[in-house]
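Working notes, structure below.
This is a predicted model, so every value here is computed, not measured. Chain naming here is simple, since letters A, B, ... match the order of the sequence lines and numbering starts at 1 in each.
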Protein chains: 2
Amino acid sequence: MSLQDSQSQSLQDTSKSANCTAMSDVLNRIGDKWSVMVVGILGQNGTLRFNELKRMINGVSQRMLTLTLRNLERDGLVTRTIYPEVPPRVEYQLTELGKTLQKPITALWDWSSANHGSIMDARSIYDARSEALAASEPRKVAYVRG
Amino acid sequence: MSLQDSQSQSLQDTSKSANCTAMSDVLNRIGDKWSVMVVGILGQNGTLRFNELKRMINGVSQRMLTLTLRNLERDGLVTRTIYPEVPPRVEYQLTELGKTLQKPITALWDWSSANHGSIMDARSIYDARSEALAASEPRKVAYVRG
DNA sequence: CGGTATCCATTTGGATACTG
DNA sequence: CAGTATCCAAATGGATACCG
């Protein structure tokens, strides 16, 4: 145990699958981009209505936002409060559990914006190299075939 | 700018979509569970061969591990080293960029294992409540219809 | 406003078989 | 060992229409 004091406790013995299972399970829910977006934005803004969220999350469809919010609510990460008014008003905010997710999500978010450029660059280099290889391939194939 | 000193720089003005795009783009790649697994496990173990990774990542198929590793390599997060031996040996490790991802990934991993139980509990409660509502629904429907 | 319901195209990913 | 290739079922998710 002392060996891992500075390491992630949960990253030990991943082969035992117990932690991998927990991680899988959690990632299946909160690992998709819409969930990350919702938690990130709710964490930043406190309380938001459905259409406010929709406007702030670039490209999300009504269907996906609804599904995402239901799942987050089911997992105890978000509260949904309905105000019986006309027109209806529904407000969403992070639960206490949801707020604890804010920190790791924000870390990931910051990493993303900080390293997006590096990733795009790496992709360009990789793709250029792949194309160069593909361009040299036909000759070999032609030789083999003909 | 001074208002957000202690906040996530990237979480501002999400409605401008620029950061949302970066986040989306990064999450589409590194946000799936296999990528998180690979980065987490490679970060913990340093260097691993293909089948070592496969054994440590519970439930991954050969196909998915291959695809995941190719994408991580393309994004500059993982290096792939081929040793021209028989039988072939291929070793994977994190790049410097990949190592910077380790920290946020580990944070998420730790959060997952720490809160998996709470999430499962929340789901049980939510589902029980949903079933109760579903059970009371038929009467209303019957009344409306008949 | 804040959904639900339905349809349908695309994507995802497991299983299986084959290869250098 | 470390893949690649193919097939196919299931999940994902957008578009659209309708509802309280």
Sequence neighbours left out, what passes side-chain hydrogen bond (donor to acceptor under 3.5 Å, both in side chains) with B:Trp34? Give chain and number order.
none

Among residues at least two apart in sequence or on other chains, which ones pass side-chain hydrogen bond (donor to acceptor under 3.5 Å, both in side chains) with A:Glu91?
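For A:Glu91 the side-chain hydrogen bond (donor to acceptor under 3.5 Å, both in side chains) partners, ignoring immediate neighbours, are A:Tyr83, A:Arg89.
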
Under the salt bridge (Lys or Arg N to Asp or Glu O under 4.0 Å) rule, collect the residues that match up with [X], sequence neighbours excluded.
X        : answer
B:Arg29  : B:Asp75
A:Lys99  : A:Glu96
A:Asp127 : B:Arg74
A:Glu52  : none

DNA chain C-proximal residues of residues 59-79 of chain A, any heavy atom under 4.0 Å
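Hits under 4.0 Å, by residue number: A:Gln62, A:Arg63, A:Thr66, A:Arg70.
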
Check the phosphate of D:dG3 against B:Tyr92, side-chain N and O only, distance under 4.0 Å to OP1 or OP2. Yes or no?
yes

Over how many whole Å does the gap from B:Asn28 atom CG to D:dT12 atom P extend?
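One finds 15 Å between P of D:dT12 and CG of B:Asn28, rounded.
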
Length of the CG-C1' vector between B:Asp32 and D:dT12, whole Å
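Taking CG of B:Asp32 and C1' of D:dT12, I get 14 Å after rounding.
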
Partner set under side-chain contact (heavy atoms from CB on, under 4.5 Å) for [X], not counting sequence neighbours:
X        : value
A:Ser130 : A:Tyr126
B:Asn28  : A:Lys33
B:Asp121 : none

Given axes from five pairs at either end, by how many degrees does the helix from C:dC1-D:dG20 to C:dG20-D:dC1 bend, rounded to 10°?
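One end axis against the other gives 50°.
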
Shortest non-hydrogen contact from A:Trp111 to B:Leu97?
CZ2-O, 4.0 Å

Closer to the 5' end of DNA chain C via nearest nucleotide, is it A:Pro87 or B:Pro88?
A:Pro87

Give the first and the last nucleotide of DNA chain C, reading 5' to 3', that has any atom under 4.0 Å from a heavy atom of chain B.
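That gives a stretch of C:dG13 to C:dG20.
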
